Undergrad: 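This is the structure I want to talk about, given as structure tokens.
We name chains A, B, ... by the order of the sequence lines, and we start the count at 1 in each one. Small disclaimer: the values here were computed from a predicted structure and weren't measured.
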Protein chains: 2
Amino acid sequence: MSTSLGARTSLARRLAEDVRSRIMSGEYAPGERLPSEAELVRHYEVSRVTVRTALRTLEAQGLVDVRHGSGSFVSDFGAGIRAGLQELRSISDTIREMGHEPRMERHARQRRPATPGEAAKLGIAAGEDVLAVERMILADERAVAYSYDVVPLAGFPDELVEQLGAGSLFGTLDAAGLMPARALAEVHAISDETIGWGPQKPVPGLYVLLDQVHFSRRGSAVAHSRTYFVEGRFQFVVLRTN
Amino acid sequence: MSTSLGARTSLARRLAEDVRSRIMSGEYAPGERLPSEAELVRHYEVSRVTVRTALRTLEAQGLVDVRHGSGSFVSDFGAGIRAGLQELRSISDTIREMGHEPRMERHARQRRPATPGEAAKLGIAAGEDVLAVERMILADERAVAYSYDVVPLAGFPDELVEQLGAGSLFGTLDAAGLMPARALAEVHAISDETIGWGPQKPVPGLYVLLDQVHFSRRGSAVAHSRTYFVEGRFQFVVLRTN
DNA sequence: ATCTGTCAGTCGTCCTACAACTTCCGCGGA
DNA sequence: TCCGCGGAAGTTGTAGGACGACTGACAGAT
């Protein structure tokens with residue numbers, strides 16, 4: 001972690017990410033004491049300010065517990081956080097981190113004007129073009145969710161539009177410079193027989209619906225997605241802190 | 001915010017809490033720029049380190065967006081975060097913050113040995129005494145949730161046991177020095193006609209179940225609670241960040 | 001055995017200084 | 001007039017040093 005040159009993100013952020021990955025990988029076990037701030041300063045060759053900034057971030061995320069006069073400790077919730085709902089990551093990555101093999105199967109793909117409801121959620125004018133994609137999400141070839149994603153196309157690079165709905169939604173958005181940094185998700189319980197499709201369509205149709213609006217770092221809405229998770233096939237965990 | 005003496009919590013934490021409440025109250029509107037670090041230093045009469053520590057915390061919680069060279073901005077999600085699932089607070093407080101009047105109605109209260117499942121979740125020996133409380137949660141006299149709470153009684157002050165199930169669970173736990181600092185919550189969609197009771201029992205019985213284990217700051221489990229929120233009567237929002 | 005004071009280790013806060021980045025505004029040229 | 005460039009001012013990021021406050025452990029006294 002040298003003095004850096006063309007780093008596009010802050011030193012403290014990278015340090016936090018590094019420590020975070022070490023915690024996730026088990027290098028630092030839950031409950032274990034992290035190296036002291038002074039040791040981290042020597043190891044990473046950064047100032048104590050930077051170390052403390054990173055630790056603060058991890059503490060606010062619930063990953064570590066900083067105790068005055070005692071040290072910093074890895075929170076006991078590592079395993080739970082790994083699939084934590086408050087962490088914004090693609091469903092594929094989450095499935096992979098849980099030890100399963102993810103796969104997407106596209107069911108429909110359509111370019112059309114935004115409905116009034118979608119326009120309101122995305123903060124665009126009604127009738128603006130969007131791309132709507134319906135997909136089934138599988139883990140180890142088992143259907144775990146059905147997703148309905150909507151991406152506004154205004155200002156979206158033409159050559160990337162065709163990629164939308166092909167591979168990872170997050171990946172394509174990232175390539176377009178519209179990587180989601182935050183998402184506001186509503187949680188609902190839904191019982192509806194018209195949601196899913198295919199041979200694995202669940203009976204009865206009981207789902208946890210995640211109705212999300214994704215925002216870029218600058219605050220503009222980049223996608224609206226409704227994902228219906230088949231109840232019982234996907235574990236939702238939220239770490240709540242104060 | 002003077003130099004303080006008997007403060008049981010850190011200066012930076014209190015500062016973050018103060019700024020947070022100002023954001024919530026609308027004193028700083030979503031998207032608006034916060035005072036610069038230098039101005040906050042002057043206003044609160046603390047060092048810049050303390051100000052930055054507080055801002056880091058708020059940033060990690062998703063409430064503010066700190067931009068290098070530009071300033072700190074209130075995130076656009078203030079309204080959504082207010083009822084955010086990732087914020088650990090009592091249901092009563094959440095209902096109040098949403099502008100409704102909360103009320104609890106006790107349905108059952110029983111001291112009994114822990115079931116094996118409860119013992120496992122709470123990390124106690126099977127058969128240890130717990131207090132189980134069933135309650136209905138109302139907002140403006142409308143049933144919004146049914147809760148099943150379990151508190152292990154080992155090491156719990158006798159004089160406070162009778163308070164359990166009377167008023168706020170969080171309040172009693174706080175009085176016992178066991179204030180929950182974190183909770184790990186599982187989210188499920190549940191369709192079950194045997195859950196609720198009373199004249200407002202919903203038909204059909206569709207609920208969002210929050211299956212939570214509450215932990216004290218030191219990591220010991222202080223309560224297990226299953227809360228069945230009537231679908232549609234309570235808005236669940238999660239702010240997801242990366 | 002219990003209590004107490006000491007001490008080393010660690011985090012909390014403060015100060016000062018400078019680098020890096022953003023924004024804005026004015027100047028000059030087309 | 002319009003556009004583009006540069007620089008100044010303001011703001012956040014990082015560094016280094018200093019000291020206070022808290023914790024945990026240990027030795028000594030009771």
Undergrad: So for A:Arg48 and C:dG12, does any side-chain atom that can act as donor or acceptor lie under 3.5 Å from a complementary atom in the base?
TA: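 Such a pair exists between side chain and base.
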
Undergrad: How many whole angstroms separate atom CG of A:Leu15 from atom C1' of D:dG13?
TA: 14 Å

Undergrad: Taking for each residue the nucleotide of DNA chain C bearing the nearest heavy atom, is the 5' side occupied by A:Ser72 or by A:Val49?
TA: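 Nearest nucleotide further toward 5': that of A:Ser72.
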
Undergrad: Counting only side-chain N and O atoms of B:Arg56, is one of them less than 4.0 Å from OP1 or OP2 of D:dG13?
TA: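 It does, given that an N or O in the side chain of B:Arg56 lies less than 4.0 Å from OP1 or OP2 of D:dG13.
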
Undergrad: Check the pair A:Phe73 / A:Glu32 against side chain to side chain contact (heavy atoms under 4.5 Å, CB included), numbers first and verdict last.
TA: CA-CA 6 Å; A:Phe73 298 77; A:Glu32 187 184 336; over 6 Å; no

Undergrad: Considering all heavy atoms of both residues, which atom of A:Gly127 and which atom of A:Pro113 are nearest to each other, and what is their separation?
TA: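 So the two residues come closest at O-CB, 3.4 Å.
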
Undergrad: Report the distance from atom CD of B:Glu37 to atom P of D:dT14, rounded to the nearest whole Å.
TA: 11 Å

Undergrad: Atom CZ of B:Arg52 to atom P of D:dA15: distance rounded to whole Å?
TA: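 To the nearest whole Å, that distance equals 11 Å.
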
Undergrad: Reckon A:Ser47 has a side-chain N or O less than 4.0 Å from the OP1 or OP2 of D:dA15?
TA: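 Result: yes.
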
Undergrad: Tell me the ring pair (Phe, Tyr, Trp, His ring centres under 6.0 Å) pairs involving residues 16-43 of chain B, sequence neighbours left out?
TA: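 Applying ring pair (Phe, Tyr, Trp, His ring centres under 6.0 Å) to every pair that reaches into residues 16-43 of chain B, excluding sequence neighbours, yields nothing.
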
Undergrad: Hey, does A:Leu58 have a side-chain heavy atom less than 4.5 Å from the side chain of A:Val19?
TA: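 Result yes, sub-4.5 Å side-chain heavy-atom pair found.
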
Undergrad: How close or far is atom P of D:dA15 from atom CD of A:Glu45, stated in whole angstroms?
TA: 11 Å

Undergrad: Give me the distances for all protein-to-nucleotides 5-9 of chain C N/O pairs that come in under 3.5 Å?
TA:
| residue | atom | partner | partner atom | Å |
| --- | --- | --- | --- | --- |
| C:dG9 | N2 | A:Gly69 | O | 2.8 |

Undergrad: Taking CZ from A:Arg14 and P from D:dG13, how many angstroms apart are they, rounded to a whole number?
TA: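 It works out to 13 Å between those atoms.
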
Undergrad: A:Ser36 side chain: which of C:dC11, D:dT14, C:dC14 is closest?
TA: C:dC11

Undergrad: Among D:dG13, C:dC14, D:dA15, which nucleotide has an atom closest to any side-chain atom of A:Ser10?
TA: D:dG13

Undergrad: How is B:Arg67 classified with respect to the nucleic acid when contacts are heavy atoms under 4.0 Å: base, sugar-phosphate, or nothing?
TA: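 Result for B:Arg67 = sugar-phosphate.
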
Undergrad: Does one side chain, of B:Gln212 or B:Arg226, offer a donor that lies under 3.5 Å from an acceptor on the other?
TA: no

Undergrad: Rounded to whole angstroms, how far apart are CG on B:Leu34 and P on D:dG10?
TA: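 Checked: the CG to P distance equals 19 Å.
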
Undergrad: Just the rounded figure in Å: distance from C1' of D:dG13 to OH of A:Tyr44.
TA: 19 Å

Undergrad: Once you round it to whole Å, what is the distance between C1' of C:dG12 and CG of A:Asp65?
TA: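 The distance from CG of A:Asp65 to C1' of C:dG12 comes to 15 Å, rounded to the nearest Å.
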
Undergrad: Check the pair B:Gln235 / B:Val237 against side chain to side chain contact (heavy atoms under 4.5 Å, CB included), numbers first and verdict last.
TA: CA-CA 6 Å; B:Gln235 193 189 26; B:Val237 180; 3.9 Å; yes

Undergrad: Is any side-chain heavy atom of B:Val222 less than 4.5 Å from a side-chain heavy atom of B:Val151?
TA: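 A side-chain contact is absent here, since even the closest heavy-atom pair is not under 4.5 Å.
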
